[in-house]
Structures are given as C-alpha cells and as structure tokens.
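Contents: one structure, followed by commentary.
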There are 2 protein chains.
Amino acid sequence: MPKQTFFNLPKEKRERIVMASIDEFAQYYYHKASISRIVKNAGIAKGSFYQYFEDKKDLFKFIVEKIGQRKMEYLGPEMSNIDKSDFFQVVRSMYISGIKFALENPRLQDIGNNFLKDNDMNLKEEILGETLPKSNEIFVALINKGIEKGELDSSIDVKLTANIITNLSIIVSDYFFNDAKGKDYVEIMPLVDKMLYILKNGIKG
Amino acid sequence: MPKQTFFNLPKEKRERIVMASIDEFAQYYYHKASISRIVKNAGIAKGSFYQYFEDKKDLFKFIVEKIGQRKMEYLGPEMSNIDKSDFFQVVRSMYISGIKFALENPRLQDIGNNFLKDNDMNLKEEILGETLPKSNEIFVALINKGIEKGELDSSIDVKLTANIITNLSIIVSDYFFNDAKGKDYVEIMPLVDKMLYILKNGIKG
DNA sequence: ATACAATATGACTATAAGGTCATATGACTT
DNA sequence: AAGTCATATGACCTTATAGTCATATTGTAT
C-alpha cells in the first residue's frame with residue numbers, strides 16, 4: 001500500500017505518477033522497469049517517490065490492483081447475469097468483455113497479461129495474494145452449475161475445464177491482437193463464437 | 001553462434017559452461033540472468049566467456065537451440081507417424097511426449113516455457129527467427145488433412161484451432177506441474193485423455 | 001511574525017550489470 | 001631455443017539500478 005502521503009497529494013500529481021508508472025510498466029514490465037525513469041517522466045524527485053511508496057513492488061502492486069479494478073468494471077456486470085443466462089452465454093460475455101477491456105486499455109492489458117505469464121512465483125504470490133485462485137473458482141462453480149442444469153457434459157473434469165476456459169480467454173485475446181491484428185471491434189464476435197463453437201462441440205467431424 | 005574458440009574447447013569445459021548457463025537461465029530466465037554468476041559457477045574468467053560468445057544473447061540463443069534439439073528428440077518420432085495414425089492419435093502422442101520431455105528435463109522445460117511466454121518480441125524474433133511459426137504450420141497442415149479425411153469438423157477455423165492445440169499443449173503440462181503436482185508419470189495419460197476428450201467432443205451436455 | 005509539521009529535493013551510496021583489453025600462459029612449429 | 005598462435009585472465013570501464021538522507025521549501029495554525 002502506498003503511504004498516506006501519496007493519498008494526500010493533489011489529484012493531478014497523483015495521476016501524473018500513475019500515468020508515468022503505467023507507461024513504464026507497459027513498456028518494460030516489472031523487472032526491467034526503472035524508478036529513475038518513472039520519476040523523471042512524472043516530473044518528481046527520486047526522494048519524493050520514496051515518500052509515497054515503500055519500494056518498487058509497492059508501486060507495482062498498487063498499479064496491478066488498479067488494473068484489476070478496471071477490468072472488474074468490464075467483467076462485473078456480466079458476472080451478475082450468472083444466474084439468469086446459460087453457461088455459454090456467460091462465458092461468451094466474459095470473453096467479449098475481456099477483449100473489449102483489452103481494446104480500450106491496451107497498456108493495462110499488456111501489463112496484466114505479462115504479469116500473469118511471469119514465472120516469478122514469489123512476486124505473483126506477494127501481489128495477487130488470494131486473488132489468483134478466485135478466477136478459477138468462479139469457473140468451477142459455474143461449470144458445476146452447468147452440469148447440474150444439464151447444459152454441460154457431466155463426465156468432464158471440472159478443474160481441468162475451468163483451467164482451459166480461463167486460458168482460452170487469454171488465448172482468444174492474444175490471438176485477436178497478434179495473429180489477427182488490424183481487425184477492429186466488430187470482428188471480435190465471430191472469433192469468440194468460433195472458439196466457443198469448439199469449446200461447445202469439439203472439433204471432431 | 002558461439003565463436004570457433006568455444007567449439008575448440010575440451011568437451012568437459014564446454015559442458016561445464018553449458019551446465020552453468022542452464023542453471024542460471026532456469027533460475028533467473030533471460031533478463032535477470034547474470035554472466036558474472038555464470039562464469040563464477042563455470043569456473044572460468046569473465047574475459048574467457050567473451051572469447052567463446054559474442055554476448056549474452058549469443059549464449060542464450062545457443063542454449064535455446066540446444067533445448068529445441070532436445071525436445072525434437074522426443075517429438076520427432078511421433079511426427080514421423082503423422083501419415084499413419086489418425087489426427088487425435090498424433091496430437092495425443094505429441095502432448096504425452098511433451099510432458100515426458102518436461103518431466104525428464106525440468107530445467108530445460110522451464111527455460112523454454114518461460115521464453116515462449118516472454119513478451120520481448122525483439123528477443124523472440126532474434127532467437128527463434130523462423131522457427132516459431134513452424135510449430136503452428138505443422139498443426140495447420142495436420143488439421144487440414146484431418147478435415148479432408150473427415151476426422152475433423154470442416155466448419156472449424158483452421159488457424160484458430162491450430163493455435164488452440166498448440167496452447168493446450170502448454171496448458172496441459174503447466175496444469176500437470178502446477179495444479180496437479182506430486183503426481184507421477186502414469187497419471188499423465190488420464191489427464192491428457194480428459195483434455196483430448198474435451199477437444200474432441202466439446203463440453204456441451 | 002513564529003513555530004511546527006508535512007512535503008520536496010537531488011546528490012549520494014552501494015551494488016551489480018555487460019562488456020573490454022592489455023597482459024600472461026602454454027602448446028606446438030621451426 | 002625462439003617464435004608464433006590460440007587461449008586464459010581479472011582488473012577495469014561505463015552505465016544503470018534501488019534506495020537513503022540531510023537539507024530546503026511550503027503551508028498552516030497560533
């Protein structure tokens with residue numbers, strides 16, 4: 001957590017620091033990000049930075065939390081529909097919201113995705129704490145309900161399936177941004193639907 | 001490419017350097033790996049290192065190529081069966097061989113996986129060159145043949161499917177090592193089969 | 001005006017990185 | 001024994017990092 005001093009700062013200054021940090025982390029990710037560059041771009045003194053944050057990790061944690069909150073603004077509404085819609089509708093909305101978030105917040109998406117891919121388990125544990133498992137648990141619950149309702153094949157491995165669905169969401173947005181670049185928002189839906197078709201029916205002829 | 005000097009070295013010394021490098025990259029990955037630590041652990045002088053390699057990237061590229069070769073020793077035999085077996089048999093063998101490689105070469109697996117996840121596209125491009133797209137192309141060809149033979153649903157998006165299959169192979173071994181840790185070799189097959197079941201039939205009830 | 005606390009500052013420390021280079025060593029040739 | 005060449009060496013260079021700290025500035029309350 002940033003120190004109280006940081007929160008006492010005028011909003012404009014706080015935002016300058018946050019912006020400079022996001023720029024830095026988006027370009028250099030955590031390990032290669034430089035506090036010296038951040039303070040230079042934010043227009044504050046090095047010493048001031050350490051009046052606001054404990055250290056680099058403290059700042060990064062703050063930024064990652066901000067990203068999480070932002071993403072929740074996209075996913076939250078879809079998750080409240082969980083009980084009304086059927087399984088594939090919910091997954092579909094979540095994938096689309098995920099890509100929409102990525103489209104509208106490319107730098108945040110970049111930081112978040114890279115962080116999730118990072119192999120520094122200590123860092124991940126310290127920063128995500130108990131947040132990480134939660135995403136999977138949501139899908140586990142969703143899948144179990146889908147099975148009860150008969151929407152899903154009861155013979156699937158629930159945990160593995162939850163894992164696949166989580167990862168497919170990353171795959172579909174990576175695919176959208178890398179392999180199918182240049183496309184715009186309207187082209188998301190067909191891609192997501194193609195992926196969901198495979199998830200639903202498999203690829204067997 | 002390492003300099004000629006490196007290849008002139010006695011085998012024992014060369015292997016000491018390779019081992020120390022693998023240890024270093026497995027623990028610190030590319031960006032945080034330290035040449036100073038490598039030369040210390042290999043028992044050679046810093047100056048000597050630069051008689052053998054152009055720079056850090058040169059060494060890493062050499063190690064990544066070695067890993068690729070090693071992995072091909074596992075996957076190669078399966079790929080020669082491509083024409084005989086049916087689609088899902090081939091994919092199954094490749095997944096299993098992949099996990100077997102990971103089990104028997106955990107440090108190499110670690111370096112390779114982390115490198116593939118890395119977002120430093122420059123580094124990836126410089127090191128993989130044209131190797132990266134090839135993996136996907138193999139699956140594209142395989143899928144097209146599967147469709148021709150009627151083994152696969154002809155309405156699937158081939159490129160997307162190839163992408164999914166490539167990524168599922170990473171997912172299944174990550175899952176095996178992280179979420180299902182402690183399990184031993186015999187427990188791979190059911191896991192792979194569960195995943196293939198989903199790929200084949202989907203999860204719809 | 002004075003006193004006090006919060007904030008701002010940048011030179012500084014300590015550490016480590018990748019990479020260089022003049023010199024030393026040792027083996028093989030003549 | 002002299003000369004040549006590949007190899008070995010570690011002190012050294014530059015550059016960068018995260019983090020510290022004594023001092024200066026500012027705003028506020030009295």
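Below, all heavy atoms of this structure are taken into account, side chains as well, without hydrogens, waters or symmetry copies. A quick note: this is a predicted structure, and the numbers were derived from the prediction, not measured. Order of the sequence lines sets the chain letters (A, B, ...), proteins ahead of strands, with each chain counted from 1.
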Distance, rounded to the nearest Å, where A:H31 contributes NE2 and C:dA16 contributes C1': 17 Å
Answer yes when A:K57 and A:E126 have at least one side-chain N-carboxylate O distance shorter than 4.0 Å, and no when they do not. yes
Could you state the atom-to-atom distance from CZ of B:F49 to P of D:dA11 in whole Å? 19 Å
Side chain of B:K13: nearest nucleotide among D:dT17, D:dA8, C:dG18? D:dA8
Among D:dA18, C:dT9, C:dG19, the one nearest A:I35 by side-chain distance: D:dA18
Any donor-acceptor pair under 3.5 Å from A:S93 side chain to A:Q89 backbone: yes
Would you indicate what A:Y52 reaches in the nucleic acid, counting non-hydrogen atoms under 4.0 angstrom: base, sugar-phosphate, or nothing? sugar-phosphate
How many Å lie between CD1 on B:I38 and C1' on C:dA17, as a whole number? 12 Å
From C:dG19, C:dT7, D:dA6, pick the nucleotide closest to the side chain of A:N8? C:dT7
In whole angstrom, give the distance that lies between atom CD of A:E54 and atom C1' of D:dT20. 14 Å
From the options D:dA8, D:dG19, C:dG19, select the nucleotide whose nearest atom is closest to the side chain of B:K56. C:dG19
Under 3.5 Å: donor-acceptor pair, side chain of A:K117, backbone of B:N114: no
Side chain of B:L9 only, heavy atoms from C-beta on: which candidate in C:dT9, C:dG18, D:dT7 is closest? D:dT7
Do any side-chain nitrogens or oxygens of B:R37 fall under 4.0 Å of OP1 or OP2 in C:dA16? no
Respond yes when some side-chain nitrogen or oxygen of A:T5 is under 4.0 Å from OP1 or OP2 of C:dT7, and no when none is. yes
Heavy-atom nearest nucleotide on DNA chain D taken for B:I44 and for A:K57; more 5' hit belongs to B:I44
Tell me the interatomic distance from B:Y28, atom OH, to C:dG18, atom C1', rounded to whole angstroms. 17 Å
Once you round it to whole Å, what is the distance between P of C:dA8 and CZ of A:R14? 12 Å
Residues that B:E15 engages under salt bridge (Lys or Arg N to Asp or Glu O under 4.0 Å), provided they are two or more places apart: none
Of A:K32 and A:S48, the one whose closest nucleotide on DNA chain D sits nearer the 5' end is A:K32
Can a side-chain donor-acceptor contact be found between B:Y50 and B:D55 if the only test is distance below 3.5 angstrom? no
Which whole-number value in Å describes the distance from B:Q51 CD to D:dC5 C1'? 12 Å
B:Y50 vs C:dG19: side-chain N/O to OP1/OP2 distance below 4.0 Å: yes
Whole-Å distance between C:dA17 P and B:K40 NZ? 8 Å
From D:dA8, D:dG19, C:dT20, pick the nucleotide closest to the side chain of B:K46? C:dT20
